[in-house]
Structures are given as C-alpha cells and as structure tokens.
Amino acid sequence: MSFSNDFTVGLRQIRKAPGSAVLAMVAYMLGLGVVGFMLTIIFGWLRAHPETVEYEDLKFLRWDPSTEHLWKSGAQNRFIRYPDFREIHAEQEAFESLAAVRGATFNIVIDGYPERFQGGYATADFFEAVSVRPQIGSFFDSGDDQPNAQKKAVISDQLWREAFQANESILGRSLIVNGIPTVVVGVAPPGFDFPGQNRVWVNETLDPLAMERGGGEVYTIFGQLAPGRSQASAQMEINEIAKRLSDLYPETNTGYISVDFMTITGAFMGDDFNRLFYVMFACSILVLVIACTNVANLTLSRATTRMKELAIRSALGGSRGRLINQMIVEGFAIAILGGILGLGLTYLSSASVWAWIMRNSEVTGVPNWMNLEVDVRVVAALSVFTLLASVLASIVPAVKASRADVNEILKDNSRGASGLKIGVFSKLLVFFQLFISSGLLIATSAMITTANKATEYAPPYDPAGMMTARFDLPDGYGESDT
C-alpha cells in the first residue's frame with residue numbers, strides 16, 4: 001500500500017474516533033503554535049536585517065564591557081563618543097569604511113510650516129558603509145563631515161513622497177533644518193531607514209578638537225571590513241589604538257582598552273535580549289514535547305481498543321514494520337491537521353503582538369526591517385517541526401502496538417496482561433510530562449520574577465499626581481537663540 005492509502009486510512013480512523021483526534025489536534029495546535037510564534041520572532045526580529053544593507057560584513061563597535069571594572073570616569077559607558085571615533089577612524093586600516101551616526105530630531109520648514117522628523121547626524125562614509133545607492137541625487141562626499149562644511153541632507157523615500165510628492169526638483173533645494181539652511185542632495189532607496197525609523201540624514205560637522213572629552217552625545221559606530229581582513233585582526237588593530245588613547249587621555253579613557261565587535265541584531269537588541277529569546281524558544285520546544293507526550297498517551301489509549309484489529313492484520317501477513325508504518329502515517333494525518341491549526345494560531349498571535357508593538361512604535365523605535373511576519377521560512381520550519389512531532393508522538397505507541405498477536409490478544413481479553421504493559425508505559429509518559437511541565441513552570445516563574453524586579457522602582461517620594469516633561473533644543477539653536 002502507498003503512503004496515500006495509509007494517509008486515507010488514517011483519516012478514516014479520525015472519523016471513527018473524532019473525540020481523541022480533536023484532543024490530539026488541539027495539543028498539536030498549542031505546541032506548534034507556540035513554536036511558530038517563536039520562529040517568527042527569531043526570523044523577523046533576532047535574525048532580521050535590512051534588505052538594502054550588506055549586513056553579513058557589517059560590524060558594530062562598542063567598548064568591551066568586560067573592562068568596565070577599569071573605567072575611571074563616571075561618564076564612561078559602552079558607546080563610543082565622537083572624539084574617540086575620529087581618532088580611531090584616522091588611525092585604523094582594518095575597515096574599508098567606518099561610519100558614525102547619532103539619533104536626532106529635525107524640525108524642517110516645509111511650505112512655511114515646521115514639521116518634526118526622526119533622523120540622524122551621520123559621517124561622510126555612512127552610506128558607503130552600508131553599501132546603498134541613492135534613488136536619485138547623491139549621498140555625502142568625502143569631507144562633508146569636516147567642521148564648518150556645508151550642511152547637506154539626504155531624505156528617505158517615505159518623506160520624499162509624503163512631503164514633496166516625489167518631485168525630483170527637491171534636489172539642490174535649500175531647506176531650513178533646525179534653523180540652519182541645509183541643501184537636499186539625495187533621496188534614499190525605498191524602505192531604507194537605517195539604523196531605525198530615520199527620515200532624514202544630515203552630515204555631522206562637529207569639531208572633535210573643540211569638544212569636551214568624555215562628554216556629549218554617543219554614537220553608533222559601524223563599518224565594513226577591508227578585503228582580506230578578518231574580524232580577529234581588525235579587533236586587534238582597534239584595540240591597539242584604544243590602548244594608545246587610554247594612555248593619552250587617562251581622565252576619560254582609562255579602561256577603554258578593548259572594543260567589542262557586534263552583529264546588527266546584537267547592536268540593536270543586545271546580547272542578553274537575544275539569549276532570552278533563544279531560551280524562550282527552547283521552552284517552546286519543551287511545550288511541543290509535552291504536546292507530543294499528550295498525543296502519545298491518546299494514541300496508546302486508542303491502541304488498546306485496536307489491539308485485536310492490529311493482531312488480525314499481523315496474522316493475515318502484515319509485517320511489524322508495515323503496522324508501525326501504518327500507525328505513524330495515521331499520526332502524521334492528525335499532526336498535519338494540528339499543524340494547520342498551529343499555523344493559524346501563529347498568524348493570530350504574531351499579528352496581535354505586532355499590532356501592539358506598532359501602537360507603541362514611538363516608544364519602542366522599531367526599524368522598518370524588523371517585523372513579525374509569518375513568511376516562507378517560518379512555514380517551512382514549522383512544517384519540519386510538525387513532521388518531527390508526528391514521528392515523536394507516534395513511534396513508541398506504534399512499536400508497542402505492533403508487538404500484539406492473536407494469542408496475546410486472547411490472553412489480554414482474559415487477564416489484561418498486554419493492557420497492563422501499555423498502562424505502565426502510559427504512566428511513565430505522564431511522569432515525563434509532569435517532570436518537563438514542572439521545569440517549565442519553575443523557569444517561567446524565575447523569568448517573570450526577574451522581569452518584575454527589573455521594572456520595579458520605589459522612589460523615596462510620592463509620585464502620585466506628578467508629571468514630567470522634556471524640552472529639547474535641537475542642534476543649531478545656540479545660546480544666543482534661546
């Protein structure tokens with residue numbers, strides 16, 4: 001008999017015992033739904049990347065936190081400030097392009113009215129570092145990040161279409177950006193908002209020599225390694241530069257002797273956050289294992305009612321392998337239906353969580369290249385998990401049931417020996433399920449307790465009725481303007 005015939009028999013068995021089949025499908029739905037949701041997070045969040053960026057070779061630089069015990073100044077943190085970046089940039093040869101960007105808000109006068117947009121101040125090789133090309137116009141030129149250079153702006157495709165009706169006459173036009181005349185030189189490609197939710201990029205023209213060391217804004221530093229350079233050799237070179245700076249500026253750079261290289265998601269999400277989600281993914285796998293245990297118990301209970309049928313099939317010439325194959329295919333039929341329900345649950349949970357994230361996007365600052373879409377990678381991975389789950393839940397009950405023969409069934413009808421064996425194994429499965437469930441409950445309780453403690457803050461005053469506000473003067477508004 002072919003697989004299609006076995007599958008048809010499996011569907012017929014579902015119709016004969018719809019109650020247990022529905023319970024098995026619900027168990028699969030919950031287990032696979034949780035796994036599918038975690039897969040959407042892994043592929044759309046932790047392993048996401050801008051489609052227009054050569055992210056594989058993109059390295060983000062921050063001070064290594066393992067040297068924090070050596071830091072002398074209270075203002076020191078993991079982020080690199082502009083004076084340090086300029087000196088590293090001037091001395092390094094490991095990166096083909098090394099750029100810096102800091103987040104900012106820009107008030108742009110459009111048709112006589114100021115509007116506020118999220119963006120960033122970027123160095124001249126910002127766009128070269130991410131290997132993108134302008135949709136129209138050009139990007140920054142070499143020297144555009146020098147002090148007193150003319151202010152230039154690159155706008156996003158979204159801003160170009162919404163505020164300027166996609167009119168190419170925007171090129172060369174001077175806009176008042178944070179009170180300073182700024183020339184629009186180019187439009188970024190569609191979907192590009194790097195590092196995240198940026199609508200405008202303005203060239204950074206600060207003078208690092210005039211800045212106070214150890215103070216001021218922090219920057220996101222990233223670049224593309226030069227051809228033939230490995231991450232290890234690049235890190236060694238940058239660390240040597242960092243050590244020289246530490247000797248030159250002991251008041252502000254003591255302990256800044258090592259630079260940590262990070263991936264794009266590590267830079268945005270943080271390594272601890274990434275590890276947390278992978279732990280949650282492992283927990284979701286255990287939930288699926290529990291679901292498989294439940295299905296295995298249901299299969300065992302159904303097998304006790306089918307022992308005579310299986311024994312007769314064996315007496316009529318059915319081999320043990322043939323009986324095992326039949327029951328596994330029957331289990332696969334149930335798993336397929338449960339997998340479809342699990343995929344629906346994945347869609348529903350992902351859409352609900354993403355809608356909540358987008359409602360709070362101004363707070364969370366989600367880049368365009370991150371999402372929770374159930375794409376082909378999620379469906380493919382979930383299909384593999386469905387197949388594995390069906391085999392895991394069916395193989396042991398199938399092996400146990402295949403051992404039956406006519407004489408054993410007759411004995412079982414009189415003394416219940418065979419049923420006793422299955423009952424013992426079923427109890428072992430229940431014990432295994434309780435063991436994993438208890439571990440999951442303990443882990444979940446620990447995670448929730450830790451998260452609650454991290455968010456708890458008891459100020460030494462009564463915050464009831466208190467309101468706070470922030471008033472920022474954007475760059476370009478000096479003391480004479482205020």
Side-chain angles (χ1 to χ4, degrees), residues 50 53 60-62 75 77-86 89 98-110 113-130 132 139-140 144-160 162-164 170 174-188 192-208 210-212 215-222 267-268 361-369 469-482:
V53 175
F60 287 76
L61 279 62
R62 292 182 186 175
N77 56 55
R78 290 197 66 185
F79 292 93
I80 299 175
R81 290 186 165 86
Y82 197 63
D84 291 327
F85 164 74
R86 295 311 313 186
H89 185 275
L98 187 64
V101 61
R102 63 181 172 96
T105 54
F106 296 103
N107 293 326
I108 303 178
V109 178
I110 301 175
Y113 296 94
E115 296 188 40
R116 186 174 183 177
F117 300 97
Q118 181 70 30
Y121 285 100
T123 54
D125 44 5
F126 171 82
F127 293 100
E128 180 184 354
V130 292
V132 298
F139 289 147
F140 302 140
D144 279 344
D145 52 9
Q146 297 302 309
N148 301 319
Q150 181 187 24
K151 280 296 183 181
K152 297 181 180 180
V154 175
I155 62 176
S156 68
D157 175 78
Q158 180 180 347
L159 178 58
W160 181 46
E162 293 178 355
F164 303 105
I170 188 63
S174 181
L175 300 175
I176 303 300
V177 180
N178 287 351
I180 300 175
T182 304
V183 178
V184 178
V185 296
V187 176
F192 182 83
D193 70 341
F194 191 81
Q197 293 191 326
N198 282 20
R199 301 291 176 262
V200 185
W201 298 265
V202 175
N203 56 320
E204 182 66 276
T205 57
L206 293 177
D207 183 359
M211 300 175 66
E212 179 183 359
E217 300 286 345
V218 295
Y219 288 73
T220 298
I221 313 297
F222 60 93
F268 275 87
S361 60
E362 292 186 1
V363 178
T364 55
V366 181
N368 283 342
W369 45 273
R470 187 181 74 179
F471 182 76
D472 291 332
L473 289 176
D475 293 346
Y477 291 91
E479 293 182 0
S480 60
D481 298 314
T482 58

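None of the values given here were measured: they were computed from a predicted structure.
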Give, for atom [atom1] of [X] and atom [atom2] of [Y], the distance between the pair rounded to the nearest 0.5 Å.
X: His89; Y: Asp145; atom1: NE2; atom2: CG; answer: 7.0 Å
X: Phe85; Y: Thr220; atom1: CZ; atom2: OG1; answer: 11.5 Å
X: Asp144; Y: Thr123; atom1: CG; atom2: OG1; answer: 10.5 Å
X: Gln150; Y: Thr205; atom1: CD; atom2: OG1; answer: 11.0 Å
X: Phe79; Y: Asp84; atom1: CZ; atom2: CG; answer: 14.5 Å

Check your understanding: Without hydrogens or angle criteria, can the side chains of Thr105 and Asn107 be said to hold a donor-acceptor pair below 3.5 Å?
Key -> no
Review point. Hey, are Tyr121 and Glu217 close enough side-chain-wise for a donor-acceptor pair under 3.5 Å?
Key: no
Point to revise | Residue that, paired with Arg199, satisfies side-chain hydrogen bond (donor to acceptor under 3.5 Å, both in side chains) out of Glu162, Gln158, Gln118 | key: Gln158
With a 4.5 Å heavy-atom cut-off, do [X] and [Y] have their side chains touching?
X: Phe164; Y: Ile155; value: yes
X: Leu159; Y: Glu115; value: no
X: Ile110; Y: Phe117; value: yes
X: Pro181; Y: Ile176; value: yes
X: Leu98; Y: Ile221; value: yes
X: Phe140; Y: Val154; value: yes

Practice item. Specify whether Phe126 and Phe222 have parallel, tilted or perpendicular ring planes, treating 30° as the upper limit for parallel and 60° as the lower limit for perpendicular. Key: perpendicular
Review point. Which word best sums up how the rings of Phe60 and Phe194 line up, parallel for under 30°, tilted for 30 to 60°, or perpendicular for over 60°?
Key: tilted
**Study point:** Flag, side chain of Asn203 to backbone of Ala124, donor-acceptor distance under 3.5 Å
**Key:** no
Practice item. For the pair Thr182 (side chain) and Lys151 (backbone), establish whether a donor and an acceptor sit closer than 3.5 Å, ignoring hydrogens and angles. Key: no
I need the minimum non-hydrogen distance between [X] and [Y], along with the two atoms involved.
X: Ile108; Y: Val200; answer: CD1-CG2, 3.7 Å
X: Arg81; Y: Ala75; answer: NH1-O, 3.1 Å
X: Val132; Y: Phe192; answer: CG1-CE1, 3.8 Å
X: Trp201; Y: Ser156; answer: CZ3-N, 3.8 Å
X: Trp160; Y: Val187; answer: CE3-CG1, 3.7 Å

Practice item. Go through the steps to decide whether Tyr219 and Glu204 satisfy the test side-chain contact (heavy atoms from CB on, under 4.5 Å), and finish with yes or no. Key: CA-CA 11 Å; Tyr219 288 73; Glu204 182 66 276; 2.7 Å; yes
